[in-house]
Amino acid sequence: MFIIRGSRGIRFVSSIHKRNHHSVGIIGAPFWKGQPRDGVEKGPDQIRESGLVEKLKGQGCSVRDYGNLKFEDVADDEPIGKVKRPRTVGRANQQLADAVHTIKKDGHTCLMLGGDHSLAIGSILGHAASQKELCVVWVDAHADINTPLTSPTGNIHGQPVSYLIKELHNKIPVMPGFSWVKPCISAQDIVYIGLRDLDPEEHFILKYLRIKAFSMTEVDRLGIAKVMEETCDHIFSKVKRPIHLSFDIDALDPSVSPATGTPVMGGLTYREGIYITEQISQTGMLSALDMVEVNPKLGRTEHEITSTAKAAVDLVLGCFGRAREGSHDPDYCIPKP
């Protein structure tokens with residue numbers, strides 16, 4: 001809070017107006033082939049229709065919307081082992097990586113609207129191509145760190161982290177569509193928040209690689225403020241570096257965001273989700289953001305669809321400087337007595 005004295009009296013100005021100006025580049029990735037349920041490809045437009053761009057501009061951001069990518073199916077995309085649609089998913093992620101790289105070269109903080117969470121492969125690799133020494137904060141009910149060999153379903157939206165981590169490189173078989181993928185982060189460069197539905201193999205990988213992870217049990221025990229304090233201590237242990245925040249809407253409890261493909265009870269509250277984004281924003285190091293897995297087709301009512309999309313918008317706004325404290329009006333004034 002800042003106090004300004006002038007001819008109009010004493011003005012109390014919220015600190016939100018003193019934060020760094022945000023230039024946001026939006027790319028829509030209407031893609032669902034990393035998992036079995038269609039409808040999630042409608043997520044980007046559903047989030048936009050909930051007022052995303054107008055609200056970002058309303059809080060002082062400059063916004064360039066690059067529109068939606070167009071993805072094509074690959075003919076004869078047969079499974080490789082259990083892995084489903086590898087050529088289609090690999091090509092889509094390569095397109096996305098190129099788009100994210102362009103947005104970063106243009107000088108924006110990149111906002112990728114998904115689509116399913118397999119898209120984090122392209123989003124993070126495209127980000128890493130233009131911004132070295134990334135760290136990743138992954139907010140999700142699921143770890144998404146199965147390898148192609150450990151995945152019980154073969155759905156790539158449950159595997160993206162394994163393609164990105166250097167320590168797992170020798171566990172990833174050669175697959176068509178993925179020859180361009182090179183791991184770009186180390187196990188100590190990622191922090192998970194909100195986990196509550198892990199496969200046994202994923203639990204083993206997290207423990208073996210000593211990956212920092214906060215399950216919902218730990219969120220309950222520590223409180224979200226302590227979780228974020230420890231998260232920042234971990235990712236900035238040596239030096240402040242750019243953050244890639246990958247936020248799966250199913251990290252929130254289904255009472256808040258029901259229109260998603262793999263909801264799990266006992267998730268983050270709306271307030272905890274917003275607190276995470278506020279704390280990430282306050283670091284001043286957010287460089288790219290994924291908002292994924294909003295699936296309007298899976299909302300049972302119009303309210304479920306709109307509440308899920310609205311939660312996604314509010315999380316994005318928190319990432320780009322919206323605060324819950326203080327006046328949002330820079331001309332708010334208490335007149336002279």
Side-chain angles (χ1 to χ4, degrees), residues 16 40 43 46-47 50-52 55-56 59 111 113-114 116-117 120 136-144 190-198 206 212-235 243-283 286 289-296 298-326 328:
I16 189 172
V40 74
Q46 186 72 46
I47 295 170
S50 295
L52 174 66
K55 290 177 181 178
L56 282 170
Q59 65 185 44
L111 168 57
L113 303 176
D116 71 63
H117 217 166
V136 176
V137 178
W138 192 281
V139 186
D140 201 331
H142 311 89
D144 294 349
I190 185 169
V191 177
Y192 284 99
I193 301 172
L195 298 179
R196 57 192 185 277
D197 186 17
L198 300 185
L206 293 181
K212 189 76 168 175
F214 296 97
S215 67
M216 283 309 303
T217 298
E218 288 162 309
V219 172
D220 290 340
R221 179 172 60 86
L222 297 172
I224 196 64
K226 183 65 174 176
V227 166
M228 290 311 297
E229 179 184 333
E230 292 191 13
T231 294
C232 290
D233 286 347
H234 181 81
I235 60 178
I243 297 172
H244 188 112
L245 175 60
S246 199
F247 206 118
D248 189 321
I249 200 68
D250 74 22
L252 300 182
D253 191 79
S255 62
V256 180
S257 57
T260 189
T262 49
V264 185
M265 293 297 293
L268 296 166
T269 65
Y270 172 86
R271 286 163 59 187
E272 288 169 335
I274 295 296
Y275 188 85
I276 291 169
T277 64
E278 289 173 347
Q279 295 303 298
I280 293 291
S281 176
Q282 288 175 20
T283 68
L286 180 65
L289 166 65
D290 307 327
M291 184 57 61
V292 300
E293 298 284 359
V294 172
N295 190 333
L298 297 181
R300 293 171 296 180
T301 65
E302 190 63 31
H303 174 72
E304 289 194 349
I305 297 169
T306 57
S307 68
T308 303
K310 181 182 183 300
V313 170
D314 288 350
L315 292 166
V316 171
L317 297 179
C319 287
F320 292 107
R322 187 175 75 170
R324 291 176 287 178
E325 77 282 352
H328 286 208

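All residue numbers refer to positions in the sequence shown, counting from 1.
Partners of Asp314 by salt bridge (Lys or Arg N to Asp or Glu O under 4.0 Å), not counting sequence neighbours, listed by chain and number: Lys310, Arg322. Checked against side chain to side chain donor-acceptor pair (under 3.5 Å), Thr262 has the following partners two or more places apart in sequence or in another chain: Asp250. Applying the side chain to side chain donor-acceptor pair (under 3.5 Å) rule to Thr277 yields no partners; only residues at least two apart in sequence or on another chain are considered. The side chain to side chain contact (heavy atoms under 4.5 Å, CB included) test applied to Ser255 returns Asp253, not counting sequence neighbours. The side chain to side chain donor-acceptor pair (under 3.5 Å) test applied to Gln279 returns no partner, not counting sequence neighbours. Applying the ring pair (Phe, Tyr, Trp, His ring centres under 6.0 Å) test to His142 and every residue at least two apart in sequence or in another chain returns nothing. Evaluation of the ring pair (Phe, Tyr, Trp, His ring centres under 6.0 Å) rule for Phe320 yields His22 as partners, not counting sequence neighbours. The side chain to side chain contact (heavy atoms under 4.5 Å, CB included) check on Ala312 picks up Ile47, Ile249, Met291, Val294, with sequence neighbours excluded. Contacts of Leu198 classified as side chain to side chain contact (heavy atoms under 4.5 Å, CB included), with partners at least two apart in sequence or in another chain: Ala143, Leu195, Glu202, His203, Leu206.
To the nearest 0.5 Å, the span separating CG on Leu268 from CZ on Arg196 amounts to 6.5 Å. With rounding to the nearest 0.5 Å, the separation of OG1 in Thr260 from CD in Glu293 is 5.5 Å. Interatomic distance, CD of Glu278 versus CG of Leu317, reported as 11.0 Å (0.5 Å rounding). Annotation: the span from Asn295 atom CG to Glu304 atom CD amounts to 12.0 Å, rounded to 0.5 Å.
Inter-residue side-chain proximity for Leu315 and Val139 is flagged as unmet; no heavy-atom pair is nearer than 4.5 Å. Using a 4.5 Å cut-off on side-chain heavy atoms (C-beta onward), Leu111 and Leu52 make contact.
Sorted by first and then second residue, the pairs that involve residues 243-280 and meet ring pair (Phe, Tyr, Trp, His ring centres under 6.0 Å), not counting sequence neighbours, are His127-His244.
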Output side-chain donor-acceptor pairs under 3.5 Å for residues 217-231, partner residues at least two apart or in another chain, one line each.
residue, atom, partner, partner atom, Å
Glu218, OE1, Ser215, N, 2.8
Glu218, OE1, Ser215, OG, 3.3
Thr231, OG1, Val227, O, 2.8

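Checked options Val136, Ile190, Thr283, Val191; the residue passing with Ile235 is Val191 (criterion: side-chain contact (heavy atoms from CB on, under 4.5 Å)).
Scanning both residues, Ala120 and Ser246, for their nearest heavy atoms gives CB-OG, 4.0 Å.
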